[in-house]
Amino acid sequence: MSIETTGERSAPRPPYPVITDETAPFWDSAHARALQLPHCRGCGEFFFPPAEFCRFCWSEEISWDQVAGTGKIFSFVTFQRMYNRAFEELLPYHVIVVELDEGPRFMSRLTGLAEGEIPTVDAAVEVVYEDLDETTTLPLFRLQGAAR
Amino acid sequence: MSLSNRYAIAGTATSRLGKVPGVGAISLMTEAMRSCIEDAGIDRSEVDGVICRGPDDVYGFHQRVAERLGINVGFSTTMDNGGASQIMSVALAAMAIDAGLCNVVLCGFARDAWSRTHRSEEARVAGRAASVARYEWGGEEFGMFGAPAMHGFGARRHMAKYGTTKEQFGAVSLAFREHALRNPNAQMKKPLTMQDYLDAKPIVDPFSMLDCSLRSDAAGAMLVMSAERARDLAKTPVLISGFGTHNNTQGWFVDDHMLTTAAAPSSKKAYAMAGITPADVDTFQVYDCFTYMVIAQLEDYGFCAKGEGGAFAASGALALDGALPTNTAGGQLSESHAEGVLQIVEAVRQVRHDYGPERQVKDANIAMVSGHGGNTVCHSSMVLTRG
Ligand SMILES: [Zn+2]
């Protein structure tokens with residue numbers, strides 16, 4: 001991927017979510033601080049990634065519904081080397097595969113750890129929201145019970 | 001009628017390996033293919049098939065390659081399954097010959113990954129992330145980059161579920177380095193100690209530099225034809241005894257694909273087609289993109305039980321004189337990374353008994369080869385037997 005820079009800023013702009021007609025509801029719901037995922041009316045499952053029909057039962061009756069925002073760490077890695085200058089000052093940071101209580105798994109970043117605190121597989125997490133700008137918000141996760 | 005043992009690899013070769021500045025992937029491919037034809041001892045006019053893979057941004061790679069070789073062919077295509085492609089190229093060659101589409105097929109893979117990422121510091125940083133197009137759910141907005149992190153999720157989970165340790169990952173890295181020191185063409189030439197391994201530059205925990213395969217300019221090629229025709233040539237033919245493939249296409253995050261990988265069903269098919277069991281395998285040439293994937297595959301290929309791959313690697317089994325001599329040329333961790341094609345080349349050389357005693361696996365008659373890739377979830381397996 002290319003390293004983008006904006007105008008005279010020396011710090012590069014972080015990669016933004018790829019927002020398309022299909023992915024927009026996810027990012028819009030994060031921005032509204034009420035994360036939604038596609039929810040199948042046919043079989044009742046939430047699923048990810050979003051698609052025009054349910055990958056379990058192929059029902060096309062899909063609605064975007066809010067999830068509880070709680071789950072656990074399915075796995076995680078800790079970035080120690082810089083891959084992109086926009087994340088340099090976050091190093092070391094933890095990218096997680098989160099498993100929501102509703103079932104779907106996807107990637108996010110762990111935030112709000114105390115100095116030296118190390119995540120563990122299966123640790124309980126909850127969603128928190130971080131604005132990239134006035135229209136775009138990332139759903140991040142923190143350990144449940146972490147101080148605000 | 002089963003294809004088992006009816007087709008053979010009649011020749012094999014690599015290009016120059018490691019750091020080959022000024023030479024692109026197409027040229028590396030043709031370099032390996034010319035040497036491969038020479039190794040088999042035939043004339044290029046006999047070649048009527050090309051199945052290969054190159055960098056993802058070269059459209060119609062097979063045509064570009066055949067153009068430079070100066071041949072028209074009855075069958076050719078480019079593979080698009082990452083590191084699982086190379087074994088499938090050989091399998092597809094046998095199937096295409098069996099279908100009557102062609103008779104003598106060049107298979108291969110080439111990349112110029114070292115040269116591409118060492119032109120500048122910016123290229124070096126950019127090259128760490130995937131070289132392919134951005135995927136909308138690839139996680140870059142969260143700071144997720146590159147194949148080491150994706151495989152690292154599996155490594156972390158294996159450590160959490162089975163108690164696998166950093167030292168056990170290190171045993172894989174050290175075993176393959178030891179083999180590379182015996183291989184004059186290997187990219188890595190320095191001996192390694194466990195302390196060196198544990199002190200290595202961190203990348204994406206649980207992986208450091210020495211858990212990750214190399215960036216290489218490298219190509220490898222194989223020539224496939226009927227076993228009958230191969231028996232008329234000077235070199236010992238290497239029979240394609242079995243192959244299998246399986247793709248966990250629902251993804252790396254689904255079910256427990258990170259722990260029991262697509263290698264499990266893939267290898268089962270290859271064992272069944274060849275009519276052998278894991279105990280019959282004399283040498284394993286495994287797709288070692290990351291140390292963890294070796295441990296997962298030792299389990300998934302049935303060389304040890306699930307969860308015991310770390311202990312198996314640490315037992316010394318992977319050494320040239322161990323219970324399962326593995327990646328005897330150094331693997332992608334220490335020889336060169338060419339998306340698994342060098343594993344096929346080494347398997348052929350071992351079962352042909354090409355080497356002197358310093359590199360030859362004693363009585364190597366059956367090799368198992370693995371290939372892994374394609375968004376982390378695609379796998380292929382092949383049993384090669386001395387003909
Ligand atoms: Zn459904």
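Convention: sequence-line order gives letters A, B, ...; per-chain numbering from 1. Treat the numbers as computed from the prediction; the structure is a model and nothing was measured. Quick note: numbers below take in every heavy atom, side chains included, and nothing from hydrogens, waters or symmetry partners.
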**Request:** Examine B/H151 together with B/H158 and report whether their ring centres are nearer than 6.0 Å.
**Result:** no
**Request:** Examine whether an atom of B/M258 lies under 4.5 Å from a heavy atom of chain A, and if so say whether it belongs to the side chain, the backbone or both; otherwise answer neither.
**Result:** side chain
**Side chain / backbone / both / neither for A/T136 at chain B, heavy atoms under 4.5 Å** = neither
**Request:** Measure A/I73 against the heavy atoms of chain B and call it side chain, backbone, both or neither at under 4.5 Å.
**Result:** neither
**Asked** Hey, is CD on A/E117 packed in by over 12 heavy atoms from elsewhere, all under 6.0 Å?
**Response** yes
**Request:** May I ask you to check if B/R53 and B/F61 form a cation-pi contact, with NZ or CZ under 6.0 angstrom from the six-membered ring centre and within 45° of the axis?
**Result:** no
**Fill in**
Residue from A/V121, A/I96, A/L138, A/T23 scoring the most non-hydrogen pairs under 4.5 Å with chain B is A/T23
**Item:** Top contributor to chain B interface from A/L90, A/V18, A/T78 [non-hydrogen pairs under 4.5 Å]
**Value:** A/T78
**Asked** Quick one: do B/R157 and B/D256 make a salt bridge, cutoff under 4.0 Å?
**Response** yes
**Asked** Do you know which of B/A160, B/G143, B/P202 has the most heavy-atom pairs with chain A at a distance under 4.5 angstrom?
**Response** B/G143
**Prompt:** Would a line drawn from the ring center of A/F79 to the ring center of A/F87 be shorter than 6.0 Å?
**Reply:** no
**Message:** Taking side chain as everything from C-beta outward and backbone as N, CA, C, O, which of these in A/F74 sits under 4.5 Å from a heavy atom of chain B? Side chain, backbone, both or neither.
**Reply:** both
**Message:** Please classify the contact between A/P104 and chain B as side chain, backbone, both or neither, with a heavy-atom cut-off of under 4.5 Å.
**Reply:** neither
**Request:** Please check if the side chain of A/S63 supplies one atom and the backbone of A/D65 the other of a donor-acceptor pair under 3.5 Å.
**Result:** no
**Message:** Before we go on, tell me: are the rings of A/F106 and A/F26 under 6.0 Å apart, centre to centre?
**Reply:** yes
**Message:** Which atoms of A/F76 are under 4.5 Å from chain B, going by heavy atoms: the side chain, the backbone, both sets, or neither?
**Reply:** both
